[in-house]
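Here the structure comes first, spelled out in structure tokens, and everything after it is commentary.
Chain A is the first sequence line, chain B the second, and so forth, proteins listed ahead of strands; every chain is numbered from 1.
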Amino acid sequence: MCPLSPPDFQDELIRRRLEKLSKLRDEGVNPYPYRFCRTHLSRQIREDFQRLESSGQQVAIAGRVMSIRQHGKAGFAHLQDPAGRIQIYVRQDTLGEAFAIFKLLDIGDFLGVVGKVFRTKTDEITVAASQIELLCKAIRQLPIVKEKDEEGKKTIYDQFSGKEQRYRQRYIDLIVNPEVKELFQCRFRIISTIRRLLDEQGFLEVETPVLQSTYGGAYARPFRTNHHALDISLYLKISPELYLKRLVIGGMEKVYEISKNFRNEGIDRTHYPEFTMLEVYQAYADYNDMMELTEEIFERTACEICGRTQIQYQGGEIDLSRPWRRLRMVDALKQYADIDVETMSDEQLLSLLRARHLEVKGEPARGLIINALFEGLVEEKLIQPTFIIGHPRETTPLCKSDRENPIYIERFEPFVAGCEFGNAYSELNDPLLQRELLEQQAQSRQIDDEIPPVDNDFLRAIEYGMPPTGGLGLGIDRLVMLLTNQTSIRDVILFPQMRPES
RNA sequence: GCGCCCAUAGCUCAACUGGUAGAGCAACGGACUCUUAAUCCGUAGGUUCCGGGUUCGAUUCCCUGUGGGCGCACCA
């Protein structure tokens, strides 16, 4: 791997480039000029080729040099700009002295080119350079990836594929692997689509603290830090939930936050310690409204990225169009695991749990056992979009009881492709019950270190009255994985966490 | 935390059962004014991840470490 240290001037490849750099300076070329006036992107030239060619108009393009083919007193190169690649053609007799720049050019340099467009003998749209300007000399060598197009079949040679280096030096990955750039463009289009949708519906985007003196809204081990001036310990937010509810209490009736949540846990294909979460709260709404919103978000983002709501994921088709199936957790257990938990005693459930090598932390309450069975035996089988509803009361203290049957709550989790994508409630707003449930839960903190402490200010806030509210959390990284057909969360995160180099 | 796998030139990869490394691309010199994995001729490039061990001899076998990947566990 390219060394992390400052450029080693003894290194042959770097030394050669430094030599070229000083040659350029000797010839009066500034290798790091200030600006360049670009008139066209490569795509615009391709789209508007007929007109540009017949009018003989000059275009000015700029980009990174990705290939060079020297031909003595002429040459070709490809420039890569944000819209793709385009070939340039240079001739010594046209460029005169500036041809020296071309001769000293390396792959990875930035170049500005002015010229007319034409088609080569082999039919490639090309800019015939009348002027070239070096815009940046690179002193490290990029990995060279070559492609061959043969009857529509694209063969890639020497693809830059080592995961470690791609993650550590994502900038290289973005330069040489065009599909990686496209993937991240998708990521940010998904996020902006969600913003647009919520903004259209009158939601206000807000920000809540990352540094919190107490943490809550989820079960997770937090990251700890400290603030010098205040001389206090702080925690990085594990969830924005309790703050967003304070805003609803404060009269901000429709709010959302696209938030990094920090959970001090392991990394695997679907978990990442600083993941991105959308949380939405809407006053006077319940979890049914949140289900509709969820469906809408999936539909809109799928259409934005895939053009339709039927998407391909890992070889299977997933139909994200609404309405999604709603399935009670106990029915899901019946259907997918052939377990009828409603007819079983606590003891039977517990022995079943053990027989399947599943676990519940701390006191194995009936509802938690049912939840663990569901997670262990059913989740991965929920391929087509499904709202799992009817969670047991014990699974969370922040949710209203089911209006029909109080041993369950008005919660849902959306599942797609065997993976949980979020969590939503008819939010609990009974201040006395809220206090009771949070205090009761906090008593188990000794047994389960992921249970958060009681947030007394949150309880106080609830006591001032929170309207009926629907709340929704959606994992953005997982949504991006789904819509871009990725199986590892690190592939949808620009700079995944790694142990430091050397 | 546990298990399996991987680490060789700037990149992608070779090297049979142990005999101190080889190719393509990139780089460098030369030729070439429509090439496109440009081509042709030539050149150079390596602490084989670090450290130990076995051996006459280790890229290869063993151990420790480092980094990474995958799976399991954890992640309501």
Show me the protein contacts with nucleotides 43-49 of chain B, counting only N or O atoms at under 3.5 Å.
none

TODO: Tell me which nucleotide among A27(B), C13(B), C70(B) gets nearest to the side chain of Arg490(A).
DONE: C70(B)
Could you go through nucleotides 37-42 of chain B and list every protein N or O atom that sits under 3.5 Å from one of its N or O atoms, giving the distance for each pair?
unit_1: A37(B); atom_1: O3'; unit_2: Lys146(A); atom_2: NZ; d: 3.3
unit_1: A37(B); atom_1: N7; unit_2: Tyr157(A); atom_2: OH; d: 3.4
unit_1: A38(B); atom_1: OP1; unit_2: Lys146(A); atom_2: NZ; d: 2.1
unit_1: A38(B); atom_1: N6; unit_2: Gln70(A); atom_2: O; d: 2.8

TODO: Ignoring hydrogens and angles, answer whether the base of C72(B) and the side-chain atoms of Asp268(A) contain a donor-acceptor pair closer than 3.5 Å.
DONE: no
TODO: Establish whether the base of U12(B) is bridged to the side chain of Ser161(A) by a donor-acceptor pair shorter than 3.5 Å.
DONE: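 Between U12(B) and Ser161(A), which were checked side chain against base, a qualifying N/O pair under 3.5 Å is absent.
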[atom1] atom, [N] versus [M]: distance in rounded Å?
| N | M | atom1 | result |
| --- | --- | --- | --- |
| C25(B) | A21(B) | P | 23 Å |
| U47(B) | G10(B) | P | 8 Å |
| C50(B) | U59(B) | C1' | 15 Å |
| A44(B) | G19(B) | C1' | 27 Å |

Under 4.0 angstrom, heavy atoms only, what part of the nucleic acid is [X] near: base, sugar-phosphate, or nothing?
| X | value |
| --- | --- |
| Lys20(A) | sugar-phosphate |
| Phe374(A) | nothing |
| Gln87(A) | base |

TODO: Check salt bridge (charged side-chain N to carboxylate O under 4.0 Å, His left out) between Glu436(A) and all other residues, then give those that pass, not counting sequence neighbours.
DONE: none
Task: For Asp93(A), all residues meeting salt bridge (charged side-chain N to carboxylate O under 4.0 Å, His left out), sequence neighbours excluded - done: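 Expected list: Arg91(A).
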- [ ] List for me each residue that meets ring pair (Phe, Tyr, Trp, His ring centres under 6.0 Å) alongside Tyr281(A), sequence neighbours excluded, and say none if there are none.
- [x] none
Open item on the list: Could you check, using the six-membered ring where one of them is a Trp, whether Tyr89(A) and Phe76(A) have ring centers closer than 6.0 angstrom?
Closed with: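 Yes, ring centres under 6.0 Å apart.
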Open item on the list: For residues 61-89 of chain A, which residue pairs pass the salt bridge (Lys or Arg N to Asp or Glu O under 4.0 Å) check, not counting sequence neighbours?
Closed with: none
Open item on the list: Applying salt bridge (Lys or Arg N to Asp or Glu O under 4.0 Å) as the test, list every pair that has at least one member in residues 152-164 of chain A; sequence neighbours left out.
Closed with: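 Applying salt bridge (Lys or Arg N to Asp or Glu O under 4.0 Å) to every pair that reaches into residues 152-164 of chain A, excluding sequence neighbours, yields Glu147(A)-Lys154(A), Lys163(A)-Asp491(A), Glu164(A)-Arg168(A).
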TODO: Please identify each residue that fulfils side-chain contact (heavy atoms from CB on, under 4.5 Å) with Leu437(A), with sequence neighbours left out.
DONE: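 Only Arg393(A), Pro397(A), Leu428(A), Leu433(A), Gln440(A) meet the side-chain contact (heavy atoms from CB on, under 4.5 Å) criterion with Leu437(A).
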Task: Any residue meeting side-chain contact (heavy atoms from CB on, under 4.5 Å) with Gln443(A), in chain and number order, not counting sequence neighbours - done: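 Partners of Gln443(A) under the side-chain contact (heavy atoms from CB on, under 4.5 Å) test: none.
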Task: Closest heavy-atom pair and its distance - Lys245(A), Leu398(A) - done: NZ-O, 3.6 Å
